[in-house]
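Below is one structure, written out as C-alpha cells; comments come after it.
Residue numbers begin at 1 in each chain, while the letters A, B, ... track the order of the sequences. Just so it is clear, the structure is predicted and the values come from calculations on it, not from any experiment.
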2 protein chains.
Amino acid sequence: MAKQSSTKDRILNAAEKLFATRGFYGVSIRQITTEADVDPALASYHFGKKKDIFNAVMLRRAEVLNRERIAMLDDCIRRAKPNPAPLHEIIDAFTHALLNRATQGGQGWKHYFAIIAQINNHPELGGIIMTQYFDPLAKKFIAAIQQTMPDSQPQDLYWCYHFLSGALTLTFSGTERINNLSDGLCPPSDLYAVHDRLVPFITAGFKVFAKPHKITP
Amino acid sequence: MAKQSSTKDRILNAAEKLFATRGFYGVSIRQITTEADVDPALASYHFGKKKDIFNAVMLRRAEVLNRERIAMLDDCIRRAKPNPAPLHEIIDAFTHALLNRATQGGQGWKHYFAIIAQINNHPELGGIIMTQYFDPLAKKFIAAIQQTMPDSQPQDLYWCYHFLSGALTLTFSGTERINNLSDGLCPPSDLYAVHDRLVPFITAGFKVFAKPHKITP
DNA sequence: TGAATAATTAAACACTTGTTGAAAAAAGTT
DNA sequence: AACTTTTTTCAACAAGTGTTTAATTATTCA
C-alpha cells in the first residue's frame, strides 16, 4: 500500500545503534531522530511510544534469527536420524547462526547482539522477544539434548542451558574486556576463534550430566 | 572526623536498588533521593556528579568482594602446595564468594550483582571496577589454572575465562528467565543448586584445553 | 560558652524529556 | 484534473533532568 518508505528503517537503524551503546533509557527520541536525520515527530508517527520503537528494533532481527536457528536445529536432527544428533552438532546448530550474523551480517547485527546482552536479564525490556522467540527455541534445543543424553535430568539441562546462554550472550556482545585482559591476545572480533572454543567448552560441560548423577566433581 | 552519617549510606542503598532494576540512565537523582527520603541536593553534596554516585555504589562492594575472592584463591593455592591446585577447587574459589554473598549477603548484594550483569559489557559504566578490581583477579585466576594445566595455551584459557564470566554473570544476576523457561523447575533463588552444577560444568569446559590442542571436537 | 565546620533545606537554574496538534507538502488514486 | 490519503514539518506542551546557589540548621571543638 504505502511506498517502500526508508524513513522507518532509518529510525530503526539509528535507534539500534544508539540503544546498543547507551541502553534504552540512555537514548532520547531526539537523539535517535537526529542520528536518523529525521523530524522527532516521525518517531511517534511511525511507531508510537518509545518502547514500541525498541520492540520494533528487536523484533526485526529476532524474527529472521529465530527462523534460521530453528531451521539449523531441525536440519541437525534430521541429518542424524534415526539416531539422536551428536551433542556438539546440536550446540553448533544453536550457536552457528549467531556466528554467521555477527561476522557477515554487518554493523546492525552487532548492535543487535549488544542490545540482547543488555536486556538478557531485564524482564521489562527483554520480555517480549525472550518469551516469544528465544524461549521456544531454547525448549527445542533442550529437548534435542534430552534425546542425545536420555539419562540426564531436566534440571541439569536447564542449568547447563543457562550457562550456555550467559557465555553466548557475553561472547557476541562485542565487549572489549577480554581483549584488554589478554593484552590483545584475544580480539573479540575474531569470532571464529571464539566459536571454535565455545562449542567444545559447552559440549564438555553438558556431557558431565549425561549420566545420572553426581554433581560434586 | 564527621559523625557516622547514615545519609550517604541511605543514598547509596537507594541508588543501588534503583540502578539494579532500571539501569544507570533509567534512574534519576530525584528518584534516588526520594527513595532515600532525603533532599535531592544532598546527592551532589555528598558524591558530586551522578556517575560518582554510581561508582561509589559499585566500589563499596567491589572492594570487599575482591578481597574475599583473592583470599580464597590464595588459600586454595597454598593448601595444595607443592602441587598445583586442583582445577575444580580453583574454579570454586573463584565463584564461591559470589555464592556466599548472593545467598547470605542480603538484598543489597543481589542488587549489586544485577548491576554487574548490566555493565559487564559497558565500557563507559563498567570501566572502573572492571579494570581496577575484576581484571587483576581474573589474571590471578588464569595464572592458577595455567599452573594446573601447564600444557594449555593462554588464548584458550582466556576464552574459557570469558565463557565462565558470562555464565557467572547471568547466574548471579537474579534473572527469572530460567525459572519461566523450566516452568518453575529451576528457581534461580536456589543458588546452591546452580553452583553445584556450575563448577563441574565449567571445570569440564576448561579441561578440554588441558592438552595442546585440538579445537574441533 | 562561642566560633568554626559540616550537613540540610528550599528554590531556582537552564535544558532535555516524550508526546501531541494543526498546518503544509508529497504521493496515490480515480 | 481534482480529491484522498499518507507523510513530513514546525511549534508547543507540561513534566522531569542534573546541578548550583544561598540561606538555615546541626554538629564539632576550643
Side-chain angles (χ1 to χ4, degrees), chain A residues 1-60 115 118-119 122-128, chain B residues 1-60 115 118-119 122-128:
Chain A
M1 30 197 79
K3 75 157 187 183
Q4 163 58 15
S5 166
S6 77
T7 300
K8 294 177 75 173
D9 290 327
R10 301 182 58 182
I11 293 176
L12 288 182
N13 291 337
E16 186 174 58
K17 175 177 174 183
L18 293 174
F19 284 148
T21 53
R22 320 223 344 145
F24 177 76
Y25 297 105
V27 177
S28 74
I29 292 193
R30 252 99 170 178
Q31 291 173 319
I32 294 173
T33 51
T34 299
E35 170 85 23
D37 201 33
V38 139
D39 191 274
L42 287 176
S44 307
Y45 174 73
H46 283 293
F47 295 99
K49 310 282 180 193
K50 185 183 176 186
K51 215 159 262 177
D52 297 324
I53 303 178
F54 184 79
N55 287 333
V57 165
M58 300 312 286
L59 291 178
R60 178 170 66 149
I115 302 177
Q118 290 177 27
I119 65 170
H122 197 298
E124 193 187 338
L125 293 177
I128 293 182
Chain B
M1 27 196 75
K3 74 157 187 183
Q4 165 57 14
S5 167
S6 77
T7 300
K8 294 178 76 172
D9 290 327
R10 301 181 60 182
I11 293 176
L12 288 183
N13 291 337
E16 186 174 58
K17 174 177 174 182
L18 294 173
F19 284 149
T21 52
R22 322 229 336 152
F24 177 76
Y25 298 106
V27 177
S28 75
I29 291 192
R30 253 98 167 179
Q31 291 173 317
I32 294 173
T33 52
T34 298
E35 170 85 22
D37 200 35
V38 140
D39 192 273
L42 287 176
S44 307
Y45 174 74
H46 283 294
F47 296 99
K49 311 282 182 194
K50 185 184 177 186
K51 214 159 262 177
D52 296 324
I53 303 178
F54 184 81
N55 287 335
V57 165
M58 300 312 286
L59 291 178
R60 178 171 64 149
I115 302 176
Q118 290 176 28
I119 65 170
H122 197 297
E124 192 188 340
L125 293 177
I128 291 181

[X] [atom1] - [N] [atom2] separation (whole Å):
X: A/Ile11; N: D/dT7; atom1: CD1; atom2: C1'; answer: 11 Å
X: A/Leu42; N: C/dA23; atom1: CG; atom2: P; answer: 18 Å
X: A/Asp39; N: C/dA25; atom1: CG; atom2: P; answer: 15 Å

*Can you figure out which of C/dT8, C/dG21, D/dT6 approaches the side chain of B/Tyr45 most closely?*
C/dT8
[N], OP1 or OP2 - any side-chain N/O from [X] closer than 4.0 Å?
X: A/Thr7; N: D/dT8; value: yes
X: A/His46; N: D/dT6; value: no
X: A/Lys49; N: C/dT20; value: yes

_Backbone of B/Ser6 reached by a side-chain donor or acceptor of B/Asp9 within 3.5 Å_ = no
*A/Asn13 (side chain) donor-acceptor with A/Arg10 (main chain) under 3.5 angstrom*: no
_By the 4.0 Å heavy-atom rule, please label A/Ala41 as base, sugar-phosphate, or nothing._
base
*How does DNA chain C look in dot-bracket form if you count Watson-Crick and G-U pairs under 3.5 Å, write [ ] for pairs that cross, and put | where a base pairs with another strand?*
.||.|||||||||||||||||||.|||||.
*Not counting sequence neighbours, which residues clear side chain to side chain contact (heavy atoms under 4.5 Å, CB included) with A/Ala20? List them please.*
A/His111, A/Ala114, A/Ile115
*Which value, rounded to the nearest 0.5 Å, describes the distance between A/Phe19 atom CZ and A/Gln118 atom CD?*
10.0 Å
_Surrounding NZ of B/Lys50 (heavy atoms of other residues, nucleotides or ligands, distance under 6.0 Å), is the total greater than 12?_
yes
_Please give me every residue in residues 28-36 of chain A whose heavy atoms get under 4.0 Å of an atom in DNA chain C, ordered by residue number._
A/Ser28, A/Ile29, A/Arg30
